[in-house]
Amino acid sequence: SEYGMTEILSQAYSKCDGIFETPPWMQVSFYDPYNPLRESKTNTGGVNIIDLANQYSCAFIQTGDIGKQNGKNSFEILGRFDYSDVRGCNLLVY
């Protein structure tokens, strides 16, 4: 499976169990669902992506997805905030 947004160049890939791994130039962080300007104090929250491959375009995006950090360069998507616009791509391989 792959995870990414139209607005960014990089993708995160999952080999199994829905755990996505990012390339070194892509950073995923999580914000407090009750205050999008505050970083999550837990490893769960809204998903922010910084993609340094976007040198001449948008390098930061707040996705509207809810996720959980599983390691330094890995995360999983738990769902989506209610009433969020549909965005991005997630291609599942069975």
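Both backbone and side-chain heavy atoms feed into the values below; hydrogens, waters and symmetry mates do not.
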Residue pair Ile61 / Asn48, side-chain heavy-atom distance below 4.5 Å: no
Heavy-atom side-chain contact between Tyr3 and Thr63 under 4.5 Å: yes
Side chain to side chain, Ile50 and Phe60, heavy atoms closer than 4.5 Å: yes
Show every donor-acceptor pair shorter than 3.5 Å between a side-chain atom in residues 12-23 and any protein atom, with sequence neighbours excluded, or say none if there are none.
residue	atom	partner	partner atom	Å
Ser14	OG	Cys16	O	3.4
Ser14	OG	Ile19	N	3.4
Ser14	OG	Ile19	O	3.2
Thr22	OG1	Met26	O	3.3

Sequence-distant partners of Leu78, side chain to side chain contact (heavy atoms under 4.5 Å, CB included), two or more places apart: Thr44, Ile66, Lys68, Glu76
Considering all heavy atoms, the nearest Tyr31-Val47 contact: CE2-N, 3.6 Å
Side-chain donor-acceptor contact under 3.5 Å, Ser40 with Asp32: no
Partners meeting side chain to side chain donor-acceptor pair (under 3.5 Å) with Asn35 (sequence neighbours left out): none
Phe30 and Glu39, any side-chain heavy atoms less than 4.5 Å apart: no
Distance in Å, Ser29 OG paired with Asn43 CG, rounded so as to fall on 0.5 Å steps: 11.5 Å
Rounded distance (nearest 0.5 Å) linking atom OG of Ser10 with atom CD of Gln27: 12.5 Å
